[in-house]
Amino acid sequence: MIKVDNLKKSFGAKRAVDGVSFTVERGEVLGFLGPNGAGKSTTMRMVTGFIPPSEGKVSVGGFDMLEQPLPAKRLIGYLPENAPSYNDMTVHGFLSFTAEIRGMTGDTKKKAVDRVVEMCFLESVIHQSVDTLSKGYRHRTCFAQSIIHDPDVLVLDEPTDGLDPNQKHEVRSLIRRMGEKKAIIFSTHILEEVDAVCSRAIIIDRGRIVANWTPAQLRQQSELAGAVTLKATGVTSEHAQERLRTAAGVKNVSVVQKLPNLAWLRVYPASKEMNGALAREVASVAASQGWKIEELHTEEGRLDEVFRNITMTDTNKAPQS
Amino acid sequence: MNGFSTIKTITRRELGSYFSSPVAYVFIVIFLALCGIFTFLLGGFFERGEASLVRPFFDWHPWLYLFLVPAAGMRVWAEERRLGTLELLLTMPVTPWQAIVGKFLASWLFLIIALALTFPTVITVCYLGKPDMGTIITGYLGSALLAGAYLAVTCMTSAMTRNQVISFIVSVVICFFLIAVGWPPVTTFFSGLLPDRLVDLISTFSVLPHFAGFQRGVIDSRDVVFFVSIMGFALFCTGVIIRNIRSGH
Ligand SMILES: Nc1ncnc2c1ncn2[C@@H]1O[C@H](COP(=O)(O)OP(=O)(O)OP(=O)(O)O)[C@@H](O)[C@H]1O
Ligand SMILES: [Mg+2]
């Protein structure tokens with residue numbers, strides 16, 4: 001549905017986006033991650049046709065964004081960063097206006113407005129003027145606008161920004177549900193959302209894609225991924241560490257924290273493809289030595305660690321101008 | 001959806017947003033009050049002893065509009081940029097032209113509504129005597145075209161900035177220029193310095209000689225073309241400015 005090919009954008013001498021390419025098909029939810037100023041919003045603005053790219057091509061549903069902007073834009077629902085909306089209108093007036101611009105009239109329009117009001121929980125503020133809304137409600141109003149025509153393609157720039165935890169949860173499950181039938185791109189700074197919502201995640205750093213993986217693959221990049229954490233009593237940390245080092249498939253063992261009557265260790269595997277084998281090995285060592293296991297689990301890897309490693313290495317190489 | 005209904009939707013929204021704020025009513029009251037003051041006090045309506053609306057009423061319009069039209073139009077694009085709704089609007093299936101024309105028409109309609117509300121003046125004149133209705137109608141037509149020309153200039157300056165005050169000041173300056181080049185005190189000053197032909201040429205860029213035709217009851221197609229070209233040119237520039245905003249220059 002969305003095809004982005006070698007997209008570049010310069011603002012004066014500054015390269016905001018530098019050769020970004022990706023595709024999103026129907027049924028996919030693509031998460032956009034990256035540090036502040038990485039070029040996420042700029043990329044989205046080019047995908048939705050607000051900013052013309054300096055170089056490269058965007059096509060949506062087979063329509064080239066520069067050559068056939070109107071048919072392409074009809075397919076897209078867009079929630080811009082900061083969720084702008086017309087301050088002097090009521091929520092209802094604003095949604096009706098956007099429905100009308102999308103070519104809906106009469107009963108169709110009324111149904112569409114009612115539908116998104118219900119989906120985004122806006123009943124209580126429907127006749128309130130937008131500038132008197134709280135930030136979260138304003139955000140939801142603009143989100144409602146983006147799905148009013150039930151678009152095939154959704155581009156959401158930080159859709160959960162400013163929402164309360166319940167609403168964040170609602171919006172995530174809404175995105176996930178809609179993602180089954182639509183092509184969705186959304187950006188976020190909340191890494192849990194990658195797990196909760198995305199089928200694939202792209203990390204952008206200084207205008208370039210530095211990672212394009214599924215959430216599981218992303219976790220695999222973590223040092224921690226596949227490591228086994230053990231908490232046991234009836235043995236000292238040092239002793240357990242010595243013993244486990246020689247176990248099969250173990251690369252390294254570290255002490256997480258030194259405690260008087262608890263051995264708390266992390267066992268790193270020789271290869272990441274061991275899955276549960278390492279945990280079983282640790283368990284059998286513990287059983288044979290008579291240690292009492294308090295806790296034993298295989299780590300999945302931490303996204304924040306991966307994120308930091310990927311984006312930091314790049315900044316270190318060439319600091320931002 | 002075809003282009004016209006998109007324009008209609010945008011125009012309706014814009015017009016609605018004028019009337020949803022008290023500013024619109026304040027504007028209309030000030031406009032009517034100033035019209036009255038200029039016509040009846042400064043224009044010497046009563047001293048003339050003739051029941052003509054044309055001179056004392058319409059004579060002031062180029063000056064009255066000089067401040068009121070930029071005041072009414074300065075928000076058109078500046079506000080859209082400040083709120084970020086420009087991004088929303090232009091990522092909907094709307095061409096920049098539809099947005100430009102739709103917004104311009106809304107503001108123009110607003111000004112025309114304000115102008116139409118001066119009808120009690122017409123009634124007064126009819127009551128006092130037998131005015132030439134034809135001249136009154138052409139006068140109103142000229143006044144509406146004049147307002148449209150100023151408004152298009154204001155739309156252009158409004159697109160240049162997020163700041164409404166700057167937009168106001170710049171459009172007042174440009175509109176003043178459009179008056180001044182044909183304003184007798186200025187033309188007499190220049191006629192001492194420049195050849196007459198040149199002074200005449202420059203003064204054809206002024207709104208005053210073109211507006212005067214309408215006050216005499218004449219609709220000259222050249223005058224209409226003049227005002228329409230100002231609108232077309234200024235709106236074209238608005239389009240260029242908006243294209244530049246989008247590409248980030
Ligand atoms: N209109 C503009 N003019 C000049 N520079 C711009 C413009 N828009 C964006 N930039 C620059 O482009 C870079 C990328 O900005 P962008 O908004 O895309 O970042 P982002 O990834 O969305 O960041 P954030 O996480 O803070 O939202 C930034 O350095 C920004 O300063
Ligand atoms: Mg952003």
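We name chains A, B, ... by the order of the sequence lines, and we start the count at 1 in each one. Scope of the values below: all heavy atoms of this structure, side chains included, with no hydrogens, waters or symmetry mates.
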Give, as side chain, backbone, both or neither, the part of A:Leu70 having an atom under 4.5 angstrom from any heavy atom of chain B. both
Are any side-chain N or O atoms of A:Lys73 and backbone N or O atoms of B:Thr95, one a donor and one an acceptor, separated by less than 3.5 Å? no
Proximal component of A:Asn82, with respect to chain B [non-hydrogen, under 4.5 Å]: neither
If you draw a 6.0 Å radius around NZ in A:Lys8, do more than 12 non-hydrogen atoms from other residues or ligands fall strictly inside? yes
In sequence, state the C-alpha distance, the side-chain angles, and the governing distance for B:Arg12 and A:Glu100, and then conclude on side-chain contact (heavy atoms from CB on, under 4.5 Å). CA-CA 11 Å; B:Arg12 208 169 41 227; A:Glu100 243 170 79; 2.4 Å; yes
Would you indicate whether the side-chain heavy atoms of B:Met92 and A:Gln145 approach each other to under 4.5 Å? yes
Between OG of B:Ser17 and CE of A:Met89, what distance do you get to the nearest 0.5 Å? 7.5 Å
Rounded to the nearest 0.5 angstrom, the OG1-CZ distance for B:Thr6 and A:Arg102 is 11.0 Å
Any chance you could measure A:Ser96, atom OG, to B:Arg13, atom CZ, to the nearest 0.5 Å? 12.5 Å
OG on B:Ser21 to CG on A:Asp88, rounded to 0.5 Å: 7.5 Å
Neighbour count above 12 (heavy atom, 6.0 Å) for B:Phe4 CZ: no
Determine which residues belonging to residues 74-88 of chain B lie within contact range of chain A, meaning some heavy atom pair is under 4.5 Å apart, and list them by number or answer 'none'. B:Arg75, B:Glu80, B:Leu83, B:Gly84, B:Thr85, B:Leu86, B:Glu87, B:Leu88
A:Lys9 and B:Ser247 have their tightest heavy-atom pair at NZ-O, 3.0 Å
When only pairs under 4.5 Å are counted, which of B:Leu89, B:Val94, B:Thr91, B:Leu90 shares the most heavy-atom pairs with chain A? B:Thr91
Between A:Pro84, A:Pro80, A:Ser85, which shows the greatest number of heavy-atom pairs under 4.5 Å with chain B? A:Pro84
Under 4.5 Å between any side-chain heavy atoms of A:Ile101 and B:Ile10, yes or no? yes
Give every donor-acceptor pair under 3.5 Å between a side-chain atom in residues 47-54 of chain A and any protein atom, sequence neighbours left out.
from: A:Thr48; atom 1: OG1; to: A:Met44; atom 2: O; distance (Å): 2.9
from: A:Thr48; atom 1: OG1; to: A:Arg45; atom 2: O; distance (Å): 3.3
from: A:Ser54; atom 1: OG; to: A:Ser10; atom 2: N; distance (Å): 3.0

Taking heavy atoms only and a threshold strictly under 4.5 Å, list by residue number the residues of residues 155-172 of chain B that touch chain A; give 'none' if the list is empty. none
Just to verify, what does A:Gln68 make a side chain to side chain donor-acceptor pair (under 3.5 Å) with, not counting sequence neighbours? none
